[in-house]
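The next block holds one structure in the form of structure tokens; read it before the comments.
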Amino acid sequence: MEQKNEKRKTIVIGITGSIAAFKAEELVKELSADYDIEVILTQSGKKLIEVEKFQKLCPVRDCLFQPGMTYRDYLEREKIGHISLADKAGLILVAPATANLIGKIANGIADDLLTTTIMASKAKILIAPAMNNNMYTNPIMRENTGKLKKLGYFFIGPATGRLACNRHAVGRLSDTGDIAKKARVLLEEPLKNKSVLITAGSTIEPIDPVRHITNKSSGKMGYALAETAKAMGADVTLVIGPASIAKPGVKVIEVNTAQEMYDACMQNFAGKNLVICSAAVSDYKVLDESREKIKKENNATLKLELTKNPDILKEIGRRKTSSQKLVGFALETENLMENAVKKLKNKNCDMIIANSQEAINSENNKVFIITKNAVEELEEMPKSLLAAEILDRFR
Ligand SMILES: Cc1cc2nc3c(=O)[nH]c(=O)nc-3n(C[C@H](O)[C@H](O)[C@H](O)COP(=O)(O)O)c2cc1C
């Protein structure tokens with residue numbers, strides 16, 4: 001076991017009863033190079049790993065009430081185990097996290113050492129789910145993760161890949177290297193004292209009271225950027241169009257139309273260190289929005305006249321000061337690089353993220369990062385990791 005150093009931060013790693021529990025050993029090994037690690041096992045987690053392997057690496061606990069301990073022992077000897085663990089944790093990382101564990105935290109249940117420590121801690125909590133795909137897509141699970149995200153809990157994964165039940169589907173524990181990377185970011189906060197404005201999702205342009213024009217953007221990239229920027233310690237404002245995914249726990253301004261998004265951006269962009277425009281903003285709106293529902297009986301054909309919306313990226317590029325950085329996204333169906341390079345120049349951006357239409361509504365993205373001096377091709381990766389790659393360039 002490594003020598004204790006008082007200055008080292010502590011990560012409490014919770015290991016639950018998932019088939020991926022054995023992978024936590026790699027995490028403990030990797031993170032103990034720089035941090036003090038304390039492991040908490042749930043009773044189910046304990047059944048799926050070789051406890052001795054972990055005991056050789058760090059302190060391991062598995063129960064709230066220890067056999068033979070008296071009231072006085074808890075107060076004097078252990079300083080109440082779960083409270084002292086909760087207080088000294090810089091980060092609590094649950095990897096792998098079962099559906100059961102996530103459900104318990106989301107519903108305020110604290111009936112073992114891990115859930116009680118989480119409940120008692122003010123530390124950041126990072127959850128790495130791993131489970132069967134039907135468990136992960138169960139609406140109860142969706143509701144629980146949505147609730148926790150909104151409350152500021154951080155998630156990584158799960159990834160899509162081969163599951164223990166031999167299906168290729170979502171539910172696999174994220175790569176342990178990626179989990180360790182995110183844990184480090186949460187502890188080190190490389191964007192502390194920076195403020196970031198992010199736009200995400202689509203906008204909608206009304207045709208009449210019950211119809212509108214929109215596009216296929218899901219908002220996942222912008223949400224990943226917002227969540228990651230927050231994890232990196234930034235103060236984040238997210239301007240979002242209508243989107244059906246769980247909102248991250250940052251300041252959120254909800255808008256519908258491109259004009260509303262433009263207004264929200266102009267009101268909030270002053271003083272921001274970094275602005276990332278990832279929203280798919282409608283270029284056009286309907287010139288004469290009908291006050292009543294348009295009836296087909298009166299129209300054999302229907303012509304909609306469209307007029308241009310304000311250009312948010314261009315206007316921020318025009319107004320930004322020399323200390324503000326601006327990132328735009330370019331999505332093209334043809335001549336991607338040529339158009340992206342043009343956009344960088346015309347909109348006075350510091351960086352353009354060029355992606356193709358496969359990015360829409362996908363969990364992954366494959367992009368080129370274009371700056372004045374370089375074009376960098378990144379491999380395909382989950383949007384949360386891409387968000388970290390982008391934000392890392394503005395530390
Ligand atoms: C062999 C085995 C593998 C399991 N793998 C998972 C898993 O990957 N994810 C999950 O959510 N539940 C899994 N379960 C079910 C959980 O162990 C069960 O819900 C348990 O109550 C979780 O307790 P805990 O959250 O306190 O660790 C598995 C069960 C068994 C027997």
Side-chain angles (χ1 to χ4, degrees), residues 11-28 37-55 58-67 81-82 85-86 89 91-121 123 125-149 151 153-176 178-179 182 246 363 382:
I11 304 180
V12 171
I13 299 186
I15 303 172
T16 66
S18 155
I19 201 75
F22 73 95
K23 293 186 184 168
E25 192 187 341
E26 291 165 31
L27 266 175
V28 173
I37 307 294
E38 305 255 0
V39 160
I40 302 180
L41 298 173
T42 63
Q43 292 310 305
S44 311
K46 203 173 152 184
K47 294 188 181 118
L48 292 171
I49 59 155
E50 291 174 54
V51 181
E52 305 74 37
K53 277 191 178 173
F54 286 83
Q55 283 167 333
C58 63
V60 178
R61 292 179 175 78
D62 63 18
C63 60
L64 191 57
F65 296 98
Q66 294 167 40
H82 61 280
L85 268 180
L91 173 74
I92 300 179
L93 163 61
V94 190
T98 54
N100 177 59
L101 185 278
I102 292 167
K104 283 200 307 195
I105 320 175
N107 290 286
I109 295 169
D111 65 352
D112 61 10
L113 182 57
L114 180 57
T115 48
T116 309
T117 305
I118 289 171
M119 181 70 97
S121 186
I125 317 279
L126 174 58
I127 297 172
M131 63 198 69
N132 161 276
N133 59 316
N134 289 338
M135 287 172 104
Y136 185 65
T137 53
N138 187 312
I140 298 172
M141 178 72 191
R142 296 265 140 192
E143 198 173 304
N144 289 336
T145 49
K147 183 173 171 184
L148 290 175
K149 281 182 183 172
L151 289 170
Y153 287 70
F154 297 96
F155 281 77
I156 178 159
T160 296
R162 179 71 52 203
L163 303 182
C165 50
N166 219 12
R167 291 177 201 158
H168 185 90
V170 67
R172 211 178 141 81
L173 182 72
S174 285
D175 179 78
T176 50
D178 295 339
I179 299 173
K182 185 140 183 178
E363 299 303 324

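Please read these numbers as outputs of a predicted model, since none were measured by experiment. Atoms within a ligand are numbered from 1 in the order they appear, just like the ligands themselves.
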So what's ligand 1 close to, N/O to N/O, under 3.5 Å?
| from | atom 1 | to | atom 2 | distance (Å) |
| --- | --- | --- | --- | --- |
| ligand 1 | 5 (N) | I19 | N | 3.1 |
| ligand 1 | 8 (O) | S18 | OG | 2.9 |
| ligand 1 | 8 (O) | I19 | N | 3.4 |
| ligand 1 | 8 (O) | A130 | O | 3.3 |
| ligand 1 | 9 (N) | A130 | O | 2.8 |
| ligand 1 | 11 (O) | A99 | N | 2.8 |
| ligand 1 | 14 (N) | G17 | O | 3.2 |
| ligand 1 | 17 (O) | G17 | O | 2.7 |
| ligand 1 | 23 (O) | S44 | OG | 3.1 |
| ligand 1 | 23 (O) | N100 | ND2 | 3.3 |
| ligand 1 | 25 (O) | T98 | OG1 | 2.6 |
| ligand 1 | 25 (O) | N100 | ND2 | 2.9 |
| ligand 1 | 26 (O) | N100 | ND2 | 3.4 |
| ligand 1 | 27 (O) | G17 | N | 2.7 |
| ligand 1 | 27 (O) | T42 | OG1 | 2.6 |

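- Checked by atom type and distance alone, the side chain of S121 never pairs as donor or acceptor with a backbone atom of T117 at under 3.5 Å.
- The environment of CG in L151 is crowded: more than 12 heavy-atom neighbours from other residues, nucleotides or ligands sit within 6.0 Å.
- The number of heavy atoms from other shown groups lying within 6.0 Å of CD (E143) does not exceed 12.
- Using a 4.5 Å heavy-atom cutoff, the side chains of N100 and T42 are not in contact.
- Rounding to the nearest 0.5 angstrom, the gap separating the CD atom in E38 from the CD1 atom in I92 is 11.0 Å.
- Side-chain atoms of N138 do not come within 3.5 Å of backbone N or O of N134 as any donor-acceptor pair.
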